[in-house]
Amino acid sequence: MKAFLLDIDYVMRKNRSGVRLLLKTPTGKTTRAYDYSFEPYFLVDADEKKTDALKKIAGVKRVETTERSGRKFLKVVCTHPSEVPMAASAASMHGKTYENAIQYVRRYLIDRKIVPCAPLEVEADEEGAVTLLRPLEGHDEMPSLRMASFDIETYNPTGIPDAKKDPCIMIGCSASKDVLFTTKKYPFDFVKTVATEKEMLEAFSSFIREERTDVLCTYNGDEFDLPYLAERAKQTKAQLRLGRTKAMPFFKRLGLRNTSRLNGRVHFDVFNVVSFMSTIGALRLPRLSLDMVYEEVLGKKIEDIAKLEIWKAWDRGDAHLAKYCRSDAVSCLELAKHFLPLEIELARVSGTTLHDASRATTGQLVESLLMRRAAERGELIPNKPEQAEAEARQAAPIQGAFVKIPEPGIYENIAVFDFRSLYPSIIISHNVDPETIGCAEGEDAFVSPLGHRFCKNRKGLIPSVLSEVLEARFAAKKAMKTAEGDARSQLDARQWALKIVANSFYGYLLYARSRWYSRECGESVTAWGRHYIQETMRKAEEAGFKVLYGDTDSIMLQYTDEKKVMEFQKAINAELPEKMELELEDIYPRGIFVAKKQGEKGAKKKYALINRDGKIKIRGFELVRRDWSRVARRTQKDVLEILLKEGDVKKAVALVRKVVEDLRAGVTPMEDLVIHTQLRKKNYEVKSPELGAVEKARKAGVRVPDNSLVSYVITKTGKTISEKAEMAETAKDYDADYYVNNQVLPAVLKILGAFGYDEDGIKLGGRQKGLGSW
DNA sequence: GATAGCCGGGG
DNA sequence: GTGTACGGCTATC
């Protein structure tokens, strides 16, 4: 039969080790298969004479010879995966050990050439034991998966929920239908009322089973919902059977995070995906809360409730709570559906399971792919570095990219160029690889600006795999042009996944825990990068452009004649090595560059541009922070818009003055003045404003838990700021001076400082020192 | 400006 | 369970 691998785990049955495959057939059936035929092993770099000594090590079943990278190694086969670490450690006295720190399941996937989420041919006997398993060609789409999501609410009046004592009060689910399990009655069809918490956990488990869920989605279920429910099940003696067996959720540490796995279903934690998107810059948000992410990604608002009000709403029997809980489950499922195609493609590109791919860092994705390809090429997979080595690598930074610092100010007619995939194209064009470096003098080589020599005669693993990735992306983008509907969106997800992986290779060369770390390769890449961008800038100046700014792989030029822009691009591309290309990103009628700090000269990485469609592109500015009042945030945004759309600095200053006047006149609405800060344990020597506000509230008998998100206003009463701070609900007036001097002015000075304005200048409306022509 | 230490998401 | 792994921001000197 044809099938797709949804998940795989290790099993031991009748003292035999093997893997359990979770498979999805094209007809939509989800099924299981077992394979006990794969033996764990590791390699030793030692002479055959050591065979007998190695055989005597506990757990060793057999010793064979094998070849890697054209050299002989001893292959030590163990009976069980769990014996490998001890056996490898014992074997290390006979020779250096390799490929011993590769998880059994991963080794299985590599050696059997099985790619998760990609088509396979499987044959199994009646008991599910695999008799044939091989990969099939092609990029067939995964059959559609049955998805469900859930979100829990807890009763925690004393602060952060404690699963040992605070009960779970609601479980909202979204699948083929929305159902909410709780112990109170609510006037909604989607609510299922049960008698006890125990019954709630069990009814929820049944629901997930009845839905025959393949992918169970959560938002931070790895660290919150699933461990919490597991503990509640323990406390209430409930059967929490969320998998396809009787087993409880399975918890495991993955680096510094916990993961929660289910038996026979994929636990898809959307928060992991979202934080990954945030770290690669595909999602730019100051906070990754479910409501903010939902609004940013899908453009829809969520039912909202203050977290601290949940227990009160429960006590009151407020029906709003049920709606809120459901909407969290619904939005979680929608986000999961939005990101799943990309994660499936990342799993296919990297060769890791959906579970692992959706929790992987970029380095892990690249490493998985390289390990696979190295094995296919018969090359030795290098070891991970020892702790000391990793620390030494981390402590030795290399010279990075070139940045041309711009003159702060406002500019018109800007053409922005980017080198397409600069670092990947440098790696490929110059055969940058830890194995090709160090080419002998006289041999044909690419020589980096730092003098490192990369042999041309054999193509390295890294450039080979990277060109394969870029070519696959090119093919996917080409196929997209004629594809429609689902096929098109699958191709789009695929090209995006390939882009993410391609862009991670350079970082992987310098990642401290990389198996293929090479400082020399990394610094050669940036050196070539600096060379190409500087050469291009020099040529731009020769061609009569003003080079405003440049950073790593992008160049911003000010032009007088638009026709020259395309001519310049053509001329540059004619001289670049094959695979390298300068692209015109966009034309911007206006842009501003801002100094990093007041007084600091440069404006590194801090700019805002507006294109011909009026779309604003902002880089490097502090994102909207919750601990700024709305009046400060809004004024900053308005100033930026006036500058970009109208190019009128005076008008921007006038707007700020109006805001200042309103504040002084006391007509600014109170809700624009609220500052939100998370209450944290602090030393009481320096009292923070939020702590001042909380202490006052507590004195008045209001219960404010530790770690609350506190909303306060700075009032007129008191001497210090913390004395003046008062909870937003009870604040009657506000301190205009504070809002002018500590909120609005600092926010706008980040921008207007670039135009020579200082605090007094804005207040008085006059221009300051050395202004340009605007 | 360096560096140590904290925190994310969840209720 | 062959593995024990992050990175950005802030406070503080």
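The shown structure was predicted, so the numbers you read here are calculated from the model rather than taken from an experiment. Numbers restart at 1 for each chain; the letters A, B, ... are given by sequence-line order, proteins then strands.
Distances shorter than 4.0 Å separate some side-chain N or O of A:Gln387 from OP1 or OP2 on C:dA5.
Checked against salt bridge (charged side-chain N to carboxylate O under 4.0 Å, His left out), A:Asp35 has the following partners two or more places apart in sequence or in another chain: A:Arg112. A search for side chain to side chain donor-acceptor pair (under 3.5 Å) contacts involving A:Asn272 returns A:Asp222, A:Arg257, not counting sequence neighbours. The side chain to side chain donor-acceptor pair (under 3.5 Å) test applied to A:Glu389 returns A:Arg393, not counting sequence neighbours.
Residue A:Ile102 is in base contact, counting any heavy-atom pair closer than 4.0 Å across all strands shown. Across all strands shown, A:Asp328 has heavy atoms under 4.0 Å from sugar-phosphate atoms exclusively, and none from any base. Nucleic acid contact class of A:Lys384 (heavy atoms, under 4.0 Å, all strands): none. Contacts of A:Phe42 with the nucleic acid, taken as non-hydrogen atoms under 4.0 Å apart, are absent. Looking at heavy-atom distances under 4.0 Å, A:Asp151 makes contact with sugar-phosphate atoms alone, never a base. No contact: A:Thr361 has no heavy atom under 4.0 Å from any strand.
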Q: List the steps, then state whether ring pair (Phe, Tyr, Trp, His ring centres under 6.0 Å) holds for A:Tyr517 with A:Tyr511.
A: CA-CA 7 Å; A:Tyr517 176 88; A:Tyr511 163 53; 9.1 Å; no
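In this structure, the CD1 atom of A:Ile302 is 13 Å from the C1' atom of B:dG10, given to the nearest Å. Rounded to a whole Å, the CE atom of A:Met292 is 14 Å from the P atom of B:dG8. Rounding to whole angstrom units, CG of residue A:Leu288 and P of B:dG10 are separated by 9 Å. A:Glu391 places its CD atom 11 Å from the P atom of C:dC6, with the value rounded to the nearest Å. The separation between A:Leu290 atom CG and B:dG9 atom P is 12 Å, rounded to whole Å. Regarding A:Tyr108, its OH atom lies at a distance of 21 Å from the C1' atom of C:dG3, rounded to whole Å.
A:Tyr98 carries A:Lys96 over the face of its six-membered ring, with the cationic atom under 6.0 Å from the centre and within 45° of the normal.
Listed in residue order, the members of residues 79-91 of chain A having a heavy atom less than 4.0 Å from DNA chain C are A:Pro81, A:Val84, A:Pro85.
Side chain A:Glu223 to base B:dG9: no donor-acceptor pair is found below 3.5 Å.
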Can you give me every donor-acceptor pair (side chain of residues 85-94 of chain A, partner residue at least two apart or in another chain, under 3.5 Å) with its distance?
unit_1  : atom_1 : unit_2  : atom_2 : d
A:Ser92 : OG     : A:Ser89 : O      : 2.6

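Every pair passing ring pair (Phe, Tyr, Trp, His ring centres under 6.0 Å) that includes a residue from residues 269-291 of chain A is listed here, sequence neighbours excluded: A:Tyr219-A:Phe271.
Taking the P atoms as reference points, C:dC6 lies 23 Å from B:dG10, given to the whole Å.
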